[in-house]
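Excluded from the calculations below are hydrogen atoms, water molecules and symmetry mates; all remaining heavy atoms, backbone and side chain alike, are included. Read the numbers this way: they start at 1 and go in the same order the structure lists the ligands and their atoms.
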Amino acid sequence: MLLKNRSNGGKLSTHTGWPLEITAMIKDILFAAFIIICLFIGHQCKAQTYAQHGMVVSDNSVASQVGIDILKKGGNAIDATVATAFALAVTYPQAGNIGGGGFLVFMDSGGEVTTVDFREKAPLLASPDMFLDQEGSLIKGSNHTGLKSAGVPGTVAGLYLAHKKYGSMPWKDLVQPAVDLAENGIILSWTLAEHAKKIEQHSDSEFLKNYFKNGDGELTRHGDIWVQQELANTLKLIRDNGKDGFYKGYVAEEIALFMKENGGIITTEDLEKYTAIERRPIMGTYKGFEVYSMPPPSSGGVVLIEMLNLMEQANLDSIEFNSTIYVHLVAETMRRSFADRAEHLGDPDFNIEIPLDKLTSKEFAAVRYKNIDLTKASVSDSSKFGQLYDGTNTTHFSIIDEDGNAVSLTYTLEQSYGSELGVPKLGFIFNNEMGDFNPQPGHTNNGGLIGTNPNIIQPEKRMLSSMTPTIVAKDGKPYLIIGSPGGRTIINTVFQTILNVLEYNMQIDKAIEVMKIHHQWLPDKLVYEEDLMSPDTREALILMGHSLVSRKNLGQLMGISCDQENKIYIGAADSSSPDGAAIGY
Ligand code: GLY
């Protein structure tokens with residue numbers, strides 16, 4: 001039977017008085033009819049989208065459509081990825097980018113998995129104390145502000161590498177849609193129009209204040225056409241010259257000149273030396289499913305696998321979803337895995353010993369799990385490590401094509417609109433990713449700083465990330481393609497969404513929407529989504545020793561689940577993403 005009872009966890013119940021089996025059969029028939037109608041129409045919506053041939057789920061419906069158009073032209077998932085990523089650089093400028101970096105995980109139709117690391121690098125002139133005052137203390141905010149907060153961008157190199165190795169369509173055809181969007185303009189969404197107004201009132205950045213202005217110097221308003229001619233010109237150089245259009249020649253020289261004249265440190269040498277790196281994925285298993293995610297310099301994959309291994313030790317069959325004991329177990333799992341993150345993880349190319357095999361092993365998880373007290377919260381040891389919460393604005397998209405090639409990509413400028421700076425004649429925004437390094441070597445405090453060695457600034461080093469683009473597979477075929485923005489909360493958002501689907505049999509849209517929590521070792525706080533945790537659960541958790549903090553929202557997941565048996569792709573964009581959309585055909 002089609003998609004048998006995934007939505008209620010396989011537990012049959014009825015209030016009709018009919019035998020359970022008949023009620024279940026009627027439900028299945030209605031559900032199958034619904035899917036057939038959806039497939040016939042081939043549509044997009046804010047809830048779930050069903051499709052047979054391909055699916056793109058991103059934070060922006062125009063960019064999702066660009067990806068789908070490429071798939072319809074016969075492009076593969078990597079082709080659609082390149083086109084979608086460049087389109088997001090135009091339509092979702094708060095995080096979509098060519099001035100930042102990220103990671104992608106790619107599973108081909110034969111079940112082979114690889115990853116591309118296009119994380120930003122510290123410039124050659126960077127140093128461990130570059131954000132410190134004369135007393136050796138961090139100059140507050142300096143690692144996230146100004147041109148020195150920009151890492152050497154990686155996005156164009158990463159997309160180019162992925163295209164060269166795994167793409168099928170001409171590069172030019174994949175960049176052209178973004179050129180058209182920038183040159184012809186897009187209709188400014190409500191969200192971007194609100195950003196534009198806030199930037200005009202509050203930002204110190206002249207670059208960003210002019211960013212949303214049209215030809216006559218007026219702020220573009222909701223519903224107006226917003227043209228980005230300078231960005232279009234830069235994209236044309238990338239379209240015509242590939243990676244070199246960004247890392248060499250006019251664009252590179254203009255970046256370096258601007259940096260030199262305005263206190264930045266990125267040079268033409270930095271840009272010329274930048275390379276994206278293909279890396280073996282981090283791989284784990286969860287109850288018969290294979291889980292592929294991003295290895296260091298992202299912490300995402302390692303922490304995700306460690307947490308899934310820990311949860312495999314728990315008997316979740318007898319634990320109700322989002323009950324007090326469930327939330328406690330999840331929080332304690334996060335606490336332990338984030339402590340390991342702080343101690344061990346950083347750029348693997350900088351001679352640090354990362355015990356990857358140990359951290360992702362079932363044996364290690366068994367030992368870690370044993371010291372969870374089911375009745376009370378542990379205490380994070382603030383004398384060891386500490387980390388600030390980071391409110392980042394990253395973006396994720398998930399893609400699958402007709403042949404079953406799948407891509408999970410997360411990229412970012414770090415904070416919303418990154419450093420808020422850019423070269424006016426180039427039209428794109430620089431990241432402020434240097435803020436992801438540990439800024440004050442050796443200095444760790446309970447309030448939030450972390451100063452452990454693996455993630456100290458060094459020239460050409462990649463800063464530790466939490467981005468967690470992930471593909472869960474069953475028997476070598478994609479089952480879930482997911483990821484999220486949200487700084488350190490990313491890993492926990494992806495983790496809980498996987499549990500929601502694999503353990504609690506939720507459909508992808510529900511798995512994305514239900515309450516998430518976050519714990520990151522230090523500060524020792526259990527963060528929950530306000531309005532989604534019941535008062536009695538909150539009270540019970542406090543009695544167990546947890547310190548609770550509420551947040552409006554955690555994560556902004558873009559996910560696809562795949563019913564391989566019936567060859568149906570089901571896409572869902574988090575409803576917290578105002579312009580996001582799952583589009584299939
Ligand atoms: N900038 C957010 C991250 O890489 O985790």
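Note on ring orientation: taking the six-membered ring where Trp is involved, the planes of Phe106 and Tyr166 are tilted (angle from 30° to 60°). Ring geometry for Phe118 versus Phe103: interplanar angle of 30 to 60°, hence tilted. Note: Phe258 and Phe430 have tilted aromatic rings, judged against thresholds of 30 and 60 degrees for the angle between ring planes.
Interface of Met467 with ligand 1, defined as ligand atoms under 4.0 Å from a residue heavy atom, comprises 4 (O), 5 (O). Using a 4.0 Å cut-off to heavy atoms of Glu414, the atoms of ligand 1 that qualify are 1 (N), 2 (C). Here is the list of ligand 1 atoms found below 4.0 Å of a heavy atom in Glu433: 1 (N), 2 (C), 4 (O). Atoms of ligand 1 lying under 4.0 Å from at least one heavy atom of Arg119, given by number and element, are 4 (O).
A centroid separation of less than 6.0 Å is found between the aromatic rings of Phe246 and Phe428.
Among Leu464, Asp436, Thr412, the residue whose heavy atom lies closest to atom 2 (C) of ligand 1 is Asp436.
The one candidate from Val291, Ile471, Ile508 that meets the side chain to side chain contact (heavy atoms under 4.5 Å, CB included) condition with Leu480 is Ile508.
No more than 12 heavy atoms of other residues, nucleotides or ligands lie within 6.0 Å of NZ in Lys148, so this atom counts as exposed by the packing criterion.
The shortest N or O to N or O distance between Thr394 and ligand 1 is not below 3.5 Å.
The shell of residues lying under 4.0 angstrom from ligand 1, judged by heavy atoms, excludes Arg488.
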